[in-house]
Amino acid sequence: MRPRRCLLFMPGDDLKKIQKGIRLGVDAIVMDLEDGVALKRKAEARATIATALRDLPFGRSERVVRINPIGSGLEQADLDAVLPQRPDSILLPKVEHAGHIQWLAETIADPSVRVLALIETARGVVNLREIAAASDRLDALIFGAEDLAGDIGATRTQAGWEVFYARSAVVTHAAACGLQAIDTLVIDFNDEAALIEDARLGAQLGFSGKLAIHPRQVDVIQAIFTPSDEQIAQAQRLILVHEEQQAQGSGAFAFEGKMIDRPAIRAAQQVITKAQAAGKIPRNP
Ligand code: COA
Ligand code: MG
């Protein structure tokens with residue numbers, strides 16, 4: 001699976017922002033057709049995105065298009081406009097049940113186009129189990145706190161306890177089905193301290209990446225979702241010692257003052273996988 005430490009959103013009708021986005025070295029560029037675009041500008045946005053997909057050099061950034069939700073009456077025309085230009089992935093917002101993902105997977109003929117599911121409604125949260133298992137075209141579950149808060153009648157706070165159940169449920173269901181989990185965005189793009197705190201919490205919870213809405217957020221997010229040299233070195237040492245201990249027949253052992261058994265080894269292996277995905281260390285042969 002491609003690394004998706006940061007996915008940068010931009011309105012699909014704003015070619016200038018798309019051009020700026022592709023120069024940032026961000027893992028994924030999300031050209032939006034949904035809420036970032038006014039109703040009367042949808043046709044303009046479809047044409048702009050199709051042109052960008054056809055003509056612009058995205059480098060190593062993934063080319064993602066967010067279409068309008070199923071049932072909006074806009075989704076088919078969105079797909080008709082962008083699929084001929086072969087985006088890497090389609091991001092589907094307001095996914096509420098497995099049928100939404102299945103419809104999209106069937107409608108996209110090209111099997112190389114991946115699907116990313118945005119979970120941002122109460123129904124989406126309670127149906128996570130069937131959504132996560134809906135299709136082998138699905139790569140990631142993305143958590144959207146702003147829409148969810150509106151849907152459940154919660155007030156957003158910086159600490160985020162009002163959406164904590166859903167945030168945690170998204171990570172858990174993604175892990176259960178071998179999917180990536182991508183965390184919600186921070187709307188105050190001038191508050192770097194708040195972004196750092198929120199991104200760190202997301203990483204601790206198990207998310208492998210986070211949404212962004214402004215170029216200023218990209219480097220901060222990508223750094224937080226990349227294991228540090230120290231974390232990588234510690235994970236490598238741990239795995240090595242574990243192999244020696246296994247050879248000697250011991251399950252649990254002490255390492256740098258802590259009890260180590262199977263869960264700690266799995267966590268260390270995940271650090272290695274993330275470091276490989278970020279290109280910091282080579283992949284296993
Ligand atoms: N992607 C790419 N470039 C962006 C960008 C984005 N998301 N947000 C801002 N920029 C660019 C601006 O065009 C500007 O470029 P310039 O210096 O070449 O003129 C530069 O970054 C600085 O932008 P700034 O002036 O700080 O912000 P703004 O007032 O132009 O825009 C927003 C603020 C919120 C409108 C803008 O960040 C944005 O459109 N974000 C994404 C919104 C979206 O897609 N929402 C739907 C998904 S939640
Ligand atoms: Mg939304």
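When a residue number appears, it is its place in the shown sequence, counting from 1.
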- Would you please classify the geometry between the Phe255 ring and the Phe253 ring as parallel, tilted or perpendicular, with 30° and 60° separating the classes? perpendicular
- Glu230, CD atom: more than 12 neighbouring heavy atoms under 6.0 Å: no
- Message: Any non-hydrogen side-chain atom of Leu33 less than 4.5 Å from a side-chain atom of Arg46?
- Response: yes
- Do any N or O atoms from the side chain of Asp78 and from the backbone of Asn68 form a donor-acceptor pair under 3.5 angstrom? yes
- Electrostatic pair Asp198-Arg167, nearest N-O below 4.0 angstrom: yes
- Item | Heavy-atom side-chain proximity of Ile29 to Met10 below 4.5 angstrom | yes
- Task: Determine whether Phe143 and Leu118 make a side-chain contact, defined as any pair of heavy atoms from C-beta on separated by less than 4.5 Å.
- Result: no
- Is any side-chain heavy atom of Lys280 less than 4.5 Å from a side-chain heavy atom of Asp229? yes
- Does the side chain of Ile70 reach to within under 4.5 Å of the side chain of Leu92, using non-hydrogen atoms? yes
- State whether Lys210 and Asp27 are salt-bridged, where the test is any N-O pair (Lys NZ or Arg NE/NH1/NH2 against Asp/Glu carboxylate O) under 4.0 Å. no
- Would Met31 and Val113 show up in the same hydrophobic cluster when neighbours are defined by side-chain heavy atoms closer than 4.5 Å? yes
- Message: If we ignore hydrogens and angles and just use 3.5 Å, is the side chain of Glu197 paired with the main-chain N or O of Ala194 as donor and acceptor?
- Response: no
- Task: Sort out for me which residue in Leu116, Ile119, Ile142 forms a side-chain contact (heavy atoms from CB on, under 4.5 Å) with Ile182.
- Result: Ile142
- Item | Ile187 atom CD1: more than 12 heavy-atom contacts under 6.0 Å | no
- Message: Under a 3.5 Å distance rule, please check whether Asp14 uses its side chain to pair with a backbone N or O of Lys17 as donor and acceptor.
- Response: yes
- Measure from the side-chain N and O atoms of His242 to the backbone N and O of Leu238, and report whether any donor-acceptor pair falls under 3.5 Å. no
- With Ser89, which of Arg114, Arg66, Arg63, Glu62 fulfils side-chain hydrogen bond (donor to acceptor under 3.5 Å, both in side chains)? Glu62
- Task: Indicate yes or no for a side-chain donor-acceptor contact from Thr184 to the backbone of Ala145 under 3.5 Å, with no hydrogens or angles considered.
- Result: yes
- Task: Verify the neighbour count for atom CZ of Arg86: are there more than 12 heavy atoms of other residues, nucleotides or ligands below 6.0 Å?
- Result: no
- Under 3.5 Å donor-acceptor, Ser250 side chain and Ala252 backbone: no
- Query: Got Glu256 and Arg237 here, is their nearest side-chain heavy-atom distance under 4.5 Å?
  - Reply: yes
- Query: What pairs of residues pass the side chain to side chain donor-acceptor pair (under 3.5 Å) test when at least one of them lies in residues 213-222, not counting sequence neighbours?
  - Reply: Asn190-Arg216
- Message: Is it the case that the side chain of Arg137 and the backbone of Ile108 share a donor-acceptor pair, with hydrogens and angles ignored and the cut-off at 3.5 Å?
- Response: yes
- Any donor and acceptor pair, going by atom type alone, linking the side chain of Glu120 with main-chain N or O of Lys94 inside 3.5 Å? yes
- Charged N to carboxylate O under 4.0 angstrom, Arg4 versus Asp139? yes
- Please tell me if the side chains of Leu56 and Thr51 come closer than 4.5 Å, counting only heavy atoms from C-beta onward. no
- Message: Using a 3.5 Å distance criterion without hydrogens, assess whether the side chain of Glu130 forms a donor-acceptor pair with backbone atoms of Ala98.
- Response: yes
- Query: Any sub-3.5 Å donor-acceptor pair from Lys42's side-chain atoms to Val37's backbone N or O?
  - Reply: yes
- Message: If only side-chain N and O atoms count, and only distance matters, is there a donor-acceptor pair under 3.5 Å linking Gln180 with Ser208?
- Response: no
